[in-house]
2 protein chains.
Amino acid sequence: MIDNQKEHPTDRVIRSIQAMLHDGTISSGGKVPSERVLAESLGTTRGYVRIALQRLEHYGVIVIYPQKGIYVSPIKPITLDAIINNILRFKEHDIASLMETRRPLEIESARLAAIRCTPEDIERIVQAHENFKQAYTEGKPTLEEDHLFHLAIAKGTCNTVLESLITLITPEIITMNKDFKENYSVVVKHSLEEHRQIVLALQAKDPQRAMQAMDIHMDNSRKRRIGNPVPETAHMTDNSEETYETETHAR
Amino acid sequence: MIDNQKEHPTDRVIRSIQAMLHDGTISSGGKVPSERVLAESLGTTRGYVRIALQRLEHYGVIVIYPQKGIYVSPIKPITLDAIINNILRFKEHDIASLMETRRPLEIESARLAAIRCTPEDIERIVQAHENFKQAYTEGKPTLEEDHLFHLAIAKGTCNTVLESLITLITPEIITMNKDFKENYSVVVKHSLEEHRQIVLALQAKDPQRAMQAMDIHMDNSRKRRIGNPVPETAHMTDNSEETYETETHAR
DNA sequence: CCATACCAACTGGTTAACCAGTTGGATCAT
DNA sequence: ATGATCCAACTGGTTAACCAGTTGGTATGG
């Protein structure tokens, strides 16, 4: 195997463990060699092995039992392999992929929030919207108020996973948009109006309307940020009802 | 603040840093005290501080410059706060939330795959489908072949974030479904047919049809797994008042 | 008085040693 | 032969010490 020397030691360890899973040195459900053995056989230090193992545990690949040993999750090697590949490439995110993935998450977030959010949630959402508006009228940056509005909605979904994922991609989008300048006033004004439509839909507890409002908002956000480079056919803004029709058709 | 002594040291460190952001001890864009200082002031060891900081960096809250110092991301404290809360509660995932969130991700995955996947992607997807079918005919467990089919589709989206997120929630769903028994033969047979419809849509490169097929599959999967507990009123356009009362109490 | 060179203190990165619980086999009483 | 017992070796958890860059103030030469 080619061991790129520039690669971070922990990544090398993870890759080595992946290789061991490949060649059967360690197998699904079985035991992983101890930290010390791994460190020695991989020519590195225990500290790096430790960090690598903790990352693998965090992603559910292994389970660590203190004073006992390390065991591979009872998942097939090929699945483990896919997960590990994902761990190794985790940070290779581009702005287009981020915004593209954000869309369905936010739409679902709006739908569930419309169904489940409490009056307190609504209040928080409205407050976030007001903060956004105020920052705008004061001529201050609004990027984060924007995202806080969306996080407030996510909190109203009663769905921990959805909230987690939306929160997870938020900082990446924020930092990637930090250097993004445009005709500020106009852009934000549009966003504000779109947010207002979302708030109205949530207050009316109308999931369909919330989804539609959020979809429009996401689509416009993308256009404002990266133009319209996403492959043509998929998304039709003019007849979005049809999209929803099909999406919910089977339900 | 209540410092639960049973809490893991790293979580305590993260919570302390969160508190420091709250009371302004450290501020957005500013410098975080050095690892040693943090360790001493928090009454813990440097190792735990280190792990905590690495987690925070992984989630974009801070940036660590070797031999220089640690700096807070130039994001507003309130946003950072939300992100940190998310980090601390990251594992509190339930199967209902997982499957609920999986649906829009998979639908988008199917849509993008239908638009962008190459012949090689199609081949991989078909192969994964065949593997699933074979495992079924041999009477073997099929849970993972099922997910590998979906991962193959995600790989065809050319969207690194979407692929990451789907991969991220896969092991959780698999392990949560490990102990899930049902009338196996019938269930898998239905899944197979649903998968076949998805494959056909992808081969036809028809995003709408792919979305629809995936939606049906996700909906049936959820029903097979956890019955039909998700509020169904979402699709009805009238009765907003009634849903309000019932839904919000589910919290 | 100013520019420069230097050095001590501090940074995160890394390594090795120590700790307490677990395990499994050798040993010994039955 | 069998069972309980004990102890050495091994486990991951934790801590402290060492390393190599960076920094910023200070002393020194112009």
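As the structure is a computational prediction, the values presented were derived from the model and not from experiment.
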Integer-rounded Å distance: D:dT15 P and B:L42 CG:
13 Å
Salt-bridge contact B:R116-A:E100 (side-chain N to carboxylate O under 4.0 Å):
yes
In terms of side-chain geometry, is the basic nitrogen of B:D11 or B:R89 positioned less than 4.0 Å from the acidic oxygen of its partner?
no
By nearest atom, which of the nucleotides D:dT22, D:dG12, C:dG12 is closest to the A:I70 side chain?
D:dG12
The side chain of B:K68 is closest to which nucleotide in this list: C:dT11, D:dT14, D:dT22?
D:dT22
Whole-Å distance, B:I51 CD1 to C:dG13 C1', equals 14 Å
Specify the residues of residues 52-63 of chain A, ordered by number, for which at least one heavy atom lies under 4.0 angstrom from an atom of DNA chain C.
none
Parallel, tilted or perpendicular, as decided by the 30° and 60° cut-offs, for the rings of A:H195 and A:F149
parallel
A:R50 CZ to C:dT14 P, in whole Å, measures 16 Å
Between C:dT23 (C1') and A:Y71 (OH): distance, integer Å:
10 Å
Do other residues, nucleotides or ligands put more than 12 heavy atoms under 6.0 Å from A:E123 CD?
no
Within the sub-3.5 Å range, which N or O atoms of nucleotides 17-19 of chain C have a protein N or O partner, and how far apart are they?
from, atom 1, to, atom 2, distance (Å)
C:dC18, N4, A:R36, NH2, 3.2

B:R224 bridged to B:D219 by N-O distance under 4.0 Å:
no
Side-chain atoms of A:E35 come closest, of C:dG13, C:dT14, D:dG12, to D:dG12
For D:dC10, take OP1 and OP2 only and decide whether either is under 4.0 Å from a side-chain N or O of A:S34.
no
Indicate, with yes or no, if the rings of A:H58 and B:H58 have centres closer together than 6.0 Å.
no
Counting N and O atoms only, with roles assigned by atom type, does the side chain of A:T157 sit under 3.5 Å from a partner on the main chain of A:N159, one being a donor and the other an acceptor?
yes
What side-chain donor-acceptor pairs closer than 3.5 Å can you find for residues 75-84 of chain B, not counting sequence neighbours?
from, atom 1, to, atom 2, distance (Å)
B:K76, NZ, A:E145, OE2, 2.9
B:T79, OG1, A:E144, OE1, 3.0
B:D81, OD1, B:Q18, NE2, 2.9

By nearest-heavy-atom nucleotide on DNA chain D, the more 5' of B:T45 and A:Y65 is A:Y65
Gap separating the CG atom of B:D146 from the OH atom of B:Y136, nearest 0.5 angstrom:
13.5 Å
